[in-house]
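Before any comments, here is the structure.
Model, not experiment: these values are computed from the prediction.
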Amino acid sequence: MPRKHMITQPTSKLRTFITFVLIVRALHGETLNFNPDWRFEKSDPPGAQAIAFDDRDWKSVSTPHTFNDTDTFDDWSPAGHKGEMNQWMGRTWYRKHFVAPEDWQNKTVIIEFEAVRQLAEVYVNGVKIGSSINGFLPFAFDLSPHLKFGRENVLAVMVDNSFIKDDDYEGWHSWDKYEGGAKLPWNNPHWHPAHGGIYRNVRLHVKEPLHLTLPLYSNLGTVGTYVYAREISRAEAMIGIEPQIQNSGTSTRTFKVRSRVLNRDGATVLTLEKEVRLEPSETRIIQLSGRVRHPQLWEPQYPYLYSVDTELIEQNRVVDSDQQPLGIRWFHFDKDYGFFINDRYVKLQGWGQKSTNEWPGLGAAQPDWLHDFTLKMIRDAGGNFIRWGHTAGSPAQLKASDKYGILTLQPGVDGEKDVTGSPWEVRLASFRDVIIYYRNHPSIAIWEGGNQSVTDEHATALRAVMDQYDPHGGRAYAHRRANAVVEPYCDITISTEGSGFRPALPTVEGEYNREESPRRVWDRQTPPYLNWHASGSYDLSSEEFAINQLFQYEKIASPKHCGGANWIFSDSTSGGRVDSEVARTSGEVDAVRLPKEAYWVCKVIFTDEPDLHLIGHWNYPTGTVKDVHVVADCDEVELFLNGRSLGRLPAQTQVSEQSVLHPLLFTFPKVQYEPGELLAIGYVKGKEVARMLKRTHGPATALRITPITGPGGFLATGSDVALFDVEAVDAAGNRCLTWEGRVDFELSGPGIWRGGYNSGRIDSINHTWLNLECGINRVAVRSTLEPGTIELIARSKGLQDAAQKLEVNAFGIQNGMSRQLPVLPPQEALTPLPEPPSLEQQRAEADTANRQPSSAMFDQISYSGPTNNVAVVKVRPNGQMYSDHHQVFATIPDEWKGGECLLLPNADWNYSAVDLLQFESKQNATLYILHDTRLPKESWLEAGFERTGKQYAIGQHHWDVYQRKVSKGESVLIGSNTEDSGPKRWMMVLISVAD
C-alpha cells in the first residue's frame, strides 16, 4: 500500500529506561488507567516479547490506539458489500515498561483489555500468559505470578489484524480456507472494518487476596457481581445482588458483605448485609435480596439509574469494593400489541451501528466521550433503540445507552451464517463472556444469538448460556430471520427490511432502510450536482434519501410491530453497495457525524411532539424551479416565500411510495426560486405548533472554527481527541450551505493532526487540506502526552482565515498509569413521567394488513432489496414473471405446471446482498431458478443449485435453468442476482413445484 501522509508534533523526549514509580497506598482494591505511554512497532521484529528487547526507537502511543487510523475511508467502497479491503494488515507489537510497587506483593494484579483487534498474544517479562482471538470483547489475565516487585516489568502484546477479503478464496463463504491470523468468518471487512490495535481501554486492577471478582470469565473464570430487579411494580421491586467473592490467600477469612442501593442523589434506599467465611482458594457467590419501595423505573424517556455499591468489610476495614449500575424495569414483547417497558407502550425506533463506530482519521480507536457523542446524537433525534451489528457494543457504548435511555440489542460475535469447529467454540465462549460482562446494564433488552439462524444443537447451547448467566434480567433471546429450527428457543424474531416474521413470535426489526446517499449532494438542482449520479445499487440525493425515510419507516409502523433499527446510523467502511463513495453512505449522519437531511426527518418521525423539517436549503441559480418538501407531524403546513403564502396543504391520508404520498410529507410543487426567506409553518387543529425558516445566504467571506472536546477538555493522555467544525460563512455569519471549496490547515503545539475526509474523493485522509461539503466539515486532532496550547489555522483562497487556540490540559500520569479513569459526560437532569393509562387503554388495534402473500409453497418470505414488492402467483402462460415489470411467461414446461412463482422486482436486478431473499418451503418441492444467460453466475447459485443444462427462452431473452430439491420446513437463503454493474439485465425468477 502507498505510504500515507502524516503530520505529527514531537512527543516528549523523556523516552529512556528510567521509569518513575506510581506509589499505590490504597487500603483496598484499586483500578488504574493503563492507557498512557505504550511503545508501538508496526512490524514483527524477532524477540519483541523479551525483557531486554530494545524498543527505544519505537513510536510512543496511548490506547485506545489503532494502526489503521490513516488508511481508512480513503479508497472507493466496493459495490458488492465487500467492505474496505485495501488496509495494512499483519503482526505488530505494543510494549509497556512499568514498575510494580513493593506493596503489590501478595495482591492480585489483573490486566484488563476492553478489546484487541483481531488476535492478541500477551507476554509479561518474556513469558506468554495467554491470547485472545475474538477481536471485540473484554478479556483479562492475572499478572501476579509473573511480576517483579520494586523493579521494572515489561508487558508486551503482539497484535495481528490479518483478515480475509471477499476477493480471496471465492469470497466470504469460503473463509475456512483462509490461512492468515484469526481464522474466523467475522474477521472480514465485509462485516466489520479491520482496524487493528489495542483499540479500546486498558485497565489494571490491584486487589487484596480477599476480593470481589471481575466479570471476566475467559482466562480468569470469574463472573463478578450480578445485580437485577424482579417482581417489579410501581409500588415496589425486589432487588437481587449476587457478588462473587474470591479468597486467593492462604488463610481462612471471616468478613461482612455489605451492598447498598443508592439513588441518583447518592442517598441509600436499601442496605443488605451478610457474614461470610471463606476458606483459602475458595470462590463463592453470595446471594442478597431486599425490596425497594416506590422505585423510580428506568425507561427511554426517564432513564433513572440507581447504583449498587458492594463492600467487603473485615475488622472494620474495607478490603474491596465495586459499583454496578441498576435500572429497575421490565419488558414485554407482544406479537399483537408491540413492545411495552414497565407498563408503558413504546415503539422501538433507532438505528443499527457497527460497534467499531469507526471515524475518518481515528478508525475504531476513540476516547470514551466520543462514543458517548454518537449515542447522544441518536437520543437527540428521538432514537430509543440500537442494534449493534454484528458484534457486541463496548463498555463505553453501553454506559452511554444506560444514561440516555437507549434500549439495546446486544449480540456476541458473528458475521452471518452458522459455523462449526473452532470458530463455533470461539463464538459460544464469546456469547457467554458478553452476557457475564454486560448483564448489569439496564439498557440491554435483547441478547442476539446470531445474525442468522443456527442448528438445533447450537441454538440449544446459546440459549442455555443466557439462561445460566442471566436468569433474572428479563431480557429476550433472538436470532435475525429466525427459522423453524431456532423458533422454539427465541422469545422474539429479528426481521430484515420489514420481512422475515414468525407468526408465533413478536417482531423487532434489525435492518430497514439500507439505501445510501452522501451528505454533500443536496439535490439535483444544486450545482455542481445537476447531473450527478451514484454508481452502484443506489442513486439517491440527500433530499431523496430524506423523503425515503418516511416510506422505509412504514416497514415498522404497524402498532403490532415492536419497532426496530434503521440501518445504519453513521457512514461506515463495511458493506457498501455504491462504488463512487469511500464509505457505505447508509448513515443518517456522515462518518464524522455531521447530519444529513435524513437525520432531521427521522427526528420528526421518532419524536412525539409536533415537529417540522423543511428539507434542503434556499440558495439556487436564477431560474430554478423545484418542488419544496416539508416533513411534519402536523394537520396542515403552510409555505411562505418572502412573506407571500404559497398555499396551505392538509396532511395526506394515504401512503404511496410510487406517488410520493405520505401523511407526514407536504410537497409544494414547482416553486420558482427567488432569493430571500422560505418559511414553513405547521398547524395542529388550526394552531401553529412548529416553524422553520431557511434564508438565502450571501457569498462566503470567511472561515469559522468551532472546537468540540470531552468533559475534561482536551487532555494530554496521548489518545484524547479534539474535534473542530470548520465552516464557510457570509458577512452576517451565516453558514454558506452550497460552498465546497478547499481549506488548508496549519496545526502548531502538542497535537497530532488526524484531519477528516471527503466522501466522494479517494485519498482525502490525513492531509492538511480538505474540501468543505455543504459549507462545513469536521476535522480531528489527537493529543500527545504533553500539555500546552495547540492552535489550528484554516485558510482558503479569497476568504478570511480562521484561527482557534485550545488548551491541552495536563493529565496525571506516572509509571505509565493514572488514577484518572476515562469518564463520560454526566447524565442530564430527568423529568419524571406521568403514569401511563391502563394496558387495556394503551393497546392499539392489531394491524390487520396481510404481511405475507398467500401461498401453498412459500412461507416466511423475507426480501431485503430496496424495492419492497414481492408476491406469489401461479405459474401459467402469460402470467407475470416480475412484481414490477410487464414481462410474462410464454409456454410453460410440464415440470413447472402446478407450481408457484415468487415474483421479485426487476428493478433490483443488480442489488448486492448475501441475504437478498429467504423463505421456508411449505412442502417437499423442486425449486427452479431462471438466471439471465448474459450474467456471470454467483457462487451461491453454482454451489447450492444444479445446472439443468436447459434454457428458457422468450424471443431474444434467455434464462439458464437451475434446480434444487427442498424439504418441507427447509429454510432457503438466496444471494444477489448479480454483482455486475454493466448494462441492465433480468432479475432471476423463482418457481417452486410440489413433489
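- Looking at Asn35 and Thr63, their side chains do bring a donor and an acceptor atom within 3.5 Å of each other.
- Counting only N and O atoms by type, the side chains of Gln820 and Asn33 include no donor and acceptor under 3.5 Å apart.
- Counted by atom type alone, Ser535 and Asp579 present one or more donor-acceptor pairs between their side chains at under 3.5 Å.
- The number of heavy atoms from other shown groups lying within 6.0 Å of NZ (Lys805) does not exceed 12.
- Minimum heavy-atom separation, Ser580 to Trp76: O-CZ3, 3.3 Å.
- At a cut-off of 3.5 Å, with distance as the only test, no side-chain donor of His371 or Ser394 sits close to an acceptor on the other residue.
- Salt bridge present: Glu114 and Arg203 bring a charged side-chain N and a carboxylate O closer than 4.0 Å.
- Using bins of under 30°, 30° to 60° and over 60° for the plane-to-plane angle, the ring pair Trp38/Phe113 lands in the tilted bin.
- Atoms OG1 and CE, from Thr573 and Met85 in turn, are 11.5 Å apart once rounded to the nearest 0.5 Å.
- Phe745 has its ring centre less than 6.0 Å from the ring centre of Trp753.
- Within the 3.5 Å criterion, the main-chain N or O of Arg742 finds no donor-acceptor partner in the side chain of Lys797.
- Judged by the 6.0 Å and 45° rule, Lys626 forms no cation-pi pair with Tyr673.
- Without hydrogens or angle criteria, Asn777 side chain to Tyr757 main chain gives a donor-acceptor distance under 3.5 Å.
- The closest side-chain donor-acceptor pair between Asn771 and Asn758, if any, does not fall under 3.5 angstrom.
- Between Arg593 and Arg778, some side-chain heavy-atom pair lies under the 4.5 Å cut-off.
- Between Lys596 and Ser517, the shortest heavy-atom distance links the atoms NZ-O, 2.6 Å.
- A 4.5 Å side-chain heavy-atom check between Leu612 and Val630 finds at least one atom pair inside the cut-off.
- Each of Phe569, Trp567, Trp388 was scored for a ring-ring contact (aromatic ring centres under 6.0 Å, His included) with Trp351, with one residue passing: Phe569.
- More than 12 heavy atoms of other shown residues, nucleotides or ligands fall within 6.0 angstrom of atom CZ in Arg795.
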- Intermediate values then yes/no, side-chain hydrogen bond (donor to acceptor under 3.5 Å, both in side chains), Thr701 and Asp730: CA-CA 5 Å; Thr701 61; Asp730 65 12; over 6 Å; no
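- Taking the six-membered ring for Trp and thresholds of 30 and 60 degrees, Tyr620 and His617 have nearly parallel ring planes, at less than 30 degrees apart.
- Atom CD of Glu677 is surrounded by more than 12 heavy atoms from other residues, nucleotides or ligands within 6.0 Å.
- Side-chain contact between Ser574 and His192 is absent, with no heavy atoms from C-beta onward closer than 4.5 Å.
- A donor and an acceptor atom, one from each side chain of Thr624 and Gln525, are nowhere located under 3.5 Å apart.
- A donor-acceptor pair shorter than 3.5 Å cannot be found between the side chains of Asn548 and Glu544.
- In the model, Glu740 has a side-chain atom that pairs as donor or acceptor with a side-chain atom of Tyr529 under 3.5 Å.
- Among residues at least two apart or in separate chains, there is no salt bridge (Lys or Arg N to Asp or Glu O under 4.0 Å) pair with a member in residues 709-724.
- Nearest heavy-atom pair, Ile198 versus Val202, reported as atom, atom and distance to 0.1 Å: CG2-CG2, 3.6 Å.
- Between Pro303 and Lys403 the shortest heavy-atom distance is CG-O, 3.3 Å.
- Residues Ser355 and Gln397 share a closest heavy-atom pair of O-NE2, 3.2 Å.
- Between the Asn68 side chain and the Gly196 main chain, a donor and an acceptor come within less than 3.5 Å of each other.
- Looking at Ser748 and Ile790, their side chains never come closer than 4.5 Å, going by heavy atoms from C-beta outward.
- Without hydrogens or angle criteria, Asp37 side chain to Val61 main chain gives no donor-acceptor distance under 3.5 Å.
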- Message: What verdict does the salt bridge (Lys or Arg N to Asp or Glu O under 4.0 Å) test give for Arg584 and Glu84, after you've listed the backbone C-alpha separation in whole Å, the side-chain angles of each residue and the deciding distance to 0.1 Å?
- Response: CA-CA 10 Å; Arg584 175 179 184 162; Glu84 186 172 36; over 6 Å; no
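- Side-chain contact annotation: Glu358 with Gln366, donor-acceptor N/O pair under 3.5 Å absent.
- Within the 4.5 Å cutoff, side-chain heavy atoms of His97 are placed close to those of Asp55.
- Side chains of Ser541 and Glu543: a donor-acceptor N/O pair is absent below 3.5 angstrom, by distance only.
- In the model, Thr784 has no side-chain atom that pairs as donor or acceptor with a side-chain atom of Glu786 under 3.5 Å.
- Remark: the Ser542 side chain and the Glu597 side chain contain no N/O donor-acceptor pair separated by less than 3.5 Å.
- In this structure, the ring-ring contact (aromatic ring centres under 6.0 Å, His included) partners of His65, at least two apart in sequence or on a different chain, are Phe40, Tyr94.
- Residues forming a side-chain hydrogen bond (donor to acceptor under 3.5 Å, both in side chains) with Tyr404 (at least two apart in sequence, or on another chain): Asp372.
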- Task: Just do the salt bridge (Lys or Arg N to Asp or Glu O under 4.0 Å) check on Asp539 and Arg524 with the steps written out, would you?
- Result: CA-CA 11 Å; Asp539 182 21; Arg524 302 184 195 271; 3.4 Å; yes
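- A distance of 12.0 Å separates CG of Leu703 from CD1 of Ile776, quoted to the nearest 0.5 Å.
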- Message: Run the salt bridge (Lys or Arg N to Asp or Glu O under 4.0 Å) test on Glu773 and Arg519 for me, step by step, so that the C-alpha distance in whole Å, both residues' side-chain angles and the decisive distance to 0.1 Å come before the verdict.
- Response: CA-CA 8 Å; Glu773 297 176 356; Arg519 180 179 64 85; 3.7 Å; yes
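- Note that CG of Leu824 is 13.0 Å distant from NZ of Lys376, once rounded to the nearest 0.5 Å.
- Of the N and O atoms on the side chains of Glu515 and Ser586, not one donor lies less than 3.5 Å from an acceptor on the other residue.
- Residues Pro367 and Ser719 come closest through the heavy atom pair CD-O, 3.9 Å.
- Side-chain contact between Thr706 and Phe724 is absent, with no heavy-atom pair separated by less than 4.5 Å.
- The closest donor-acceptor contact from the side chain of Ser783 to the backbone of Gly718 lies under 3.5 Å.
- Between Asp611 and Lys603 the shortest side-chain heavy-atom distance falls below 4.5 Å.
- In this structure, the side chains of Val743 and Leu772 come closer than 4.5 Å at one or more pairs of heavy atoms.
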